[in-house]
Engineer: 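Here you go, one structure.
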Amino acid sequence: MSTLTLYCSSKNDETRPDGHGSTGAWRIAKDRLEENLGGTVLLYSGKGEPAYRGGTIVGYEKASGSYKTDRYNVIFEEDPSVVGDTRTTFERSKGAANPVIWV
C-alpha cells in the first residue's frame, strides 16, 4: 500500500459534516484509489514544508465540476499524528508538473 502525497498550495481541503477530511478535486486514477483504501494521504503546501494534514484513506468520490478528465475527492479519517510528517517532503514549486505523488 502506498502513501498519497498531495501538493495543496491552495489548501482547498475541508472537513465534512461527518467529521472526515476531504481533499479538493484531484486527477487520480480510480484503480489506484481502490488499491490504496486504508492507506495514508498527506497534504502539504510545498517548498519542503511538512504535512499540515492527513490521515487514513476511507473513500473517494467523483468531483463535481466541468473537468476534461475524471477527478476525485479523497476522503480520509483525520490522524493528527501525521501532521508535521517529513518522510515524503521534497522541494516543489508552485505550478509543479505533477502535484500528485505516490510513495
Engineer: Kindly give the heavy-atom pair with the smallest separation between His20 and Glu77, and that separation in Å.
Structural biologist: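 That closest heavy-atom pairing would be CD2-CA, 3.8 Å.
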Engineer: In Å and rounded to the nearest 0.5 Å, what is the CG to OG1 distance from Leu4 to Thr23?
Structural biologist: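 Output value for this atom pair is 8.0 Å.
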Engineer: Check Cys8 against Leu43 and note the closest heavy-atom contact, atom names and distance.
Structural biologist: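 Shortest heavy-atom separation between Cys8 and Leu43 comes out as SG-CD2, 3.8 Å.
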Engineer: Name all pairs fulfilling the ring pair (Phe, Tyr, Trp, His ring centres under 6.0 Å) condition that reach into residues 61-84, sequence neighbours left out, sorted by first residue then second.
Structural biologist: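 Sorted pair list: Tyr60-Tyr72.
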Engineer: I'd like to check the side-chain contact (heavy atoms from CB on, under 4.5 Å) partners of Arg27; sequence neighbours left out, ordered by chain and number.
Structural biologist: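 Checked Arg27 against side-chain contact (heavy atoms from CB on, under 4.5 Å); matches are Thr69, Arg71.
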Engineer: What are the two closest non-hydrogen atoms of Glu78 and Gly21, and how far apart are they?
Structural biologist: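 Result for this residue pair: OE2-CA, 4.0 Å.
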Engineer: In Å and rounded to the nearest 0.5 Å, what is the OH to OH distance from Tyr52 to Tyr44?
Structural biologist: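 Result: 11.0 Å between the selected atoms.
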Engineer: My understanding is that only residues two or more places apart in sequence, or in another chain, count here; which of them pass salt bridge (charged side-chain N to carboxylate O under 4.0 Å, His left out) with Glu61?
Structural biologist: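 Salt bridge (charged side-chain N to carboxylate O under 4.0 Å, His left out) list for Glu61, sorted by chain: Arg16.
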Engineer: Would you check if the side chain of Arg53 reaches a backbone N or O of Glu14 as a donor-acceptor pair within less than 3.5 Å?
Structural biologist: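 Side chain of Arg53 to backbone of Glu14, a donor-acceptor pair under 3.5 Å: yes, one is there.
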Engineer: How long is the straight-line distance from CG of Asp79 back to CG of Asp85, given to the nearest 0.5 Å?
Structural biologist: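 Between Asp85 CG and Asp79 CG, I get 9.5 Å after rounding to 0.5 Å.
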Engineer: What's the separation between atom OG1 in Thr40 and atom CG in Leu42, rounded to the nearest 0.5 Å?
Structural biologist: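 That separation rounds to 6.5 Å.
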Engineer: Would you confirm whether Asn73, through its side chain, and Ala25, through its main-chain N or O, come within 3.5 Å as a donor-acceptor pair?
Structural biologist: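 Yes, Asn73 side chain to Ala25 backbone: donor-acceptor pair under 3.5 Å.
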Engineer: In terms of hydrophobic clustering (I, L, V, M, F, W, Y; side-chain heavy atoms under 4.5 Å; direct or indirect links), are Ile75 and Leu6 co-clustered?
Structural biologist: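 No, it is not one cluster - the side chains of Ile75 and Leu6 are not joined through contacts under 4.5 Å.
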Engineer: For the residue pair Glu35 and Ser2, establish whether any side-chain heavy-atom pair is separated by less than 4.5 Å.
Structural biologist: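 The answer is no; the side chains never approach within 4.5 Å.
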Engineer: Going only through I, L, V, M, F, W and Y residues with side-chain contacts under 4.5 Å, is there a path from Trp26 to Leu37?
Structural biologist: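 Same hydrophobic cluster.
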Engineer: Minimum heavy-atom separation for Pro50 and Thr86, please, with both atom names.
Structural biologist: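 Closest approach of Pro50 to Thr86, heavy atoms only: CB-CG2, 3.7 Å.
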